[in-house]
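The structure appears right after this line, and notes come after that.
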Amino acid sequence: MLIDSHAHLTDRKLTADLRGVLDRAAEAELEAIITVGADPADSRAVARLVAEAPRRQAGAGADRPAIFGTVGVHPHDAKVVTDEVLAELAELARGERIVAIGETGLDFYRDLSPRDRQEVAFVQQIHLARELALPLVVHSRDAHGRTLEILEREAVGLPGVMHCFSGDQGVANRVLDLGMHIGIAGPVSYPSADGLRQVLRHVPLDRLLVETDCPYLAPQQYRGKRNEPAYVMYVAEAVAQVKKISFDELARATTQNARELFGLA
Ligand SMILES: [Zn+2]
Ligand SMILES: [Zn+2]
């Protein structure tokens, strides 16, 4: 039983077909899905979705995966973060089954918000996570140096995950030194991802999470198509191959890691 540790179920590409998406996730025997907030309106939508989702109950119906949420503002939208937005995130974060702050971080690839605003919003959300004693979901793209500097200055001792990991061995070592987890997404299955697979060999099994980041980044089998939580099994397969362990062993470890990191119950 796998947990998709990073999905965007509130994305329009998935809401159009959410019932089907969750049915297929149930068929793939997912235990849980963490749906991640990306901006203030999206974080509200996440809070609504997890409040409305029926609890997973043994023997009830088709055993749909449990849905947990995170609230935060992605670096793309960092420019909208104000004190009011932070207060609303804090309020939403107290809701039932909201298990983390994020995704937050830095994205110097697309630079959709000015870099100084990204950094301020990142630090503010790190502080929010600490205040609320919640783990942090970190996004870093073409910004690993700066992301790590900020984490090492502001987030020591704070649990979290560097999601959709795309760094080299040095970045991985610093993330692990911080005590954080490393989230592996679909790109691990791409033929060109030898570098990532090389790094993955050295990541301890007890610090790994698997994720889809759907609707984006479909694994090789569905590359270019809409991604969804059921496909996390292809990510897990690729990771198990790299780690030279069975699918079941990989599933057991990553599921336990996600339960512990996010305090799922
Ligand atoms: Zn991200
Ligand atoms: Zn994401």
Side-chain angles (χ1 to χ4, degrees), residues 3-15 18 21 25 30 32-47 49-50 67-81 89 92 98-113 115 117-119 121-122 125-126 129 134-144 146-148 150-151 155 160-167 171-172 175 180-188 190 193 196 208-219 226-232 235 258 261-262:
I3 293 178
D4 183 356
S5 63
H6 191 115
H8 294 280
L9 293 180
T10 51
D11 189 287
R12 234 180 274 119
K13 294 187 183 73
L14 292 168
T15 50
L18 193 57
V21 164
L30 262 63
I33 300 167
I34 314 273
T35 189
V36 172
D39 63 45
D42 188 44
S43 294
R44 259 173 252 141
V46 164
L49 178 67
V50 300
I67 303 177
F68 298 90
T70 80
V71 295
V73 178
H74 192 284
H76 290 343
D77 285 296
K79 56 181 177 293
V80 310
V81 174
L89 292 180
L92 291 170
I98 299 295
V99 295
I101 296 296
E103 62 187 292
T104 177
L106 303 175
D107 193 312
F108 296 169
Y109 178 72
R110 295 187 64 194
D111 276 328
L112 294 184
S113 282
R115 293 182 179 186
R117 295 295 300 275
Q118 293 188 37
E119 294 193 6
F122 184 23
Q125 290 177 82
I126 292 171
L134 287 173
L136 191 68
V137 177
V138 180
H139 169 107
S140 172
R141 188 158 186 210
D142 286 3
H144 296 318
R146 197 66 192 126
T147 300
L148 285 165
I150 290 175
L151 287 172
V161 54
M162 181 76 83
H163 103 90
C164 194
F165 186 81
S166 63
V171 174
V175 171
M180 292 178 65
H181 287 67
I182 287 183
I184 302 291
V188 71
Y190 298 171
L196 176 60
L208 271 180
L209 301 180
V210 287
E211 60 170 82
T212 58
D213 205 10
C214 62
Y216 309 102
L217 291 175
R226 185 192 72 172
N227 196 7
E228 61 177 59
Y231 301 166
V232 76
V235 176
L261 175 63
F262 295 112

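Ligands are counted one by one from 1 in listed order, and the atoms in each one are counted from 1 as well.
Every residue two or more places apart in sequence or in another chain was checked for a ring pair (Phe, Tyr, Trp, His ring centres under 6.0 Å) with H181, and none qualifies. In this structure, H144 has no ring pair (Phe, Tyr, Trp, His ring centres under 6.0 Å) partners at least two apart in sequence or on a different chain. For D11, the side chain to side chain contact (heavy atoms under 4.5 Å, CB included) partners at least two apart in sequence or on another chain are H8, K13, P215, Y216.
E103 and H139 get closest at one heavy-atom pair: OE1-ND1, 3.1 Å.
Across N227, I3, T212, a single residue satisfies side chain to side chain contact (heavy atoms under 4.5 Å, CB included) together with V232, and that is T212.
Contact check on E228 versus R226 returns a salt bridge, with a Lys/Arg side-chain nitrogen under 4.0 Å from an Asp/Glu carboxylate oxygen.
For the Zn ion (ligand 2), protein N, O or S atoms closer than 2.8 Å were enumerated as H6 NE2, H8 NE2, E103 OE2, D213 OD1, with waters left out.
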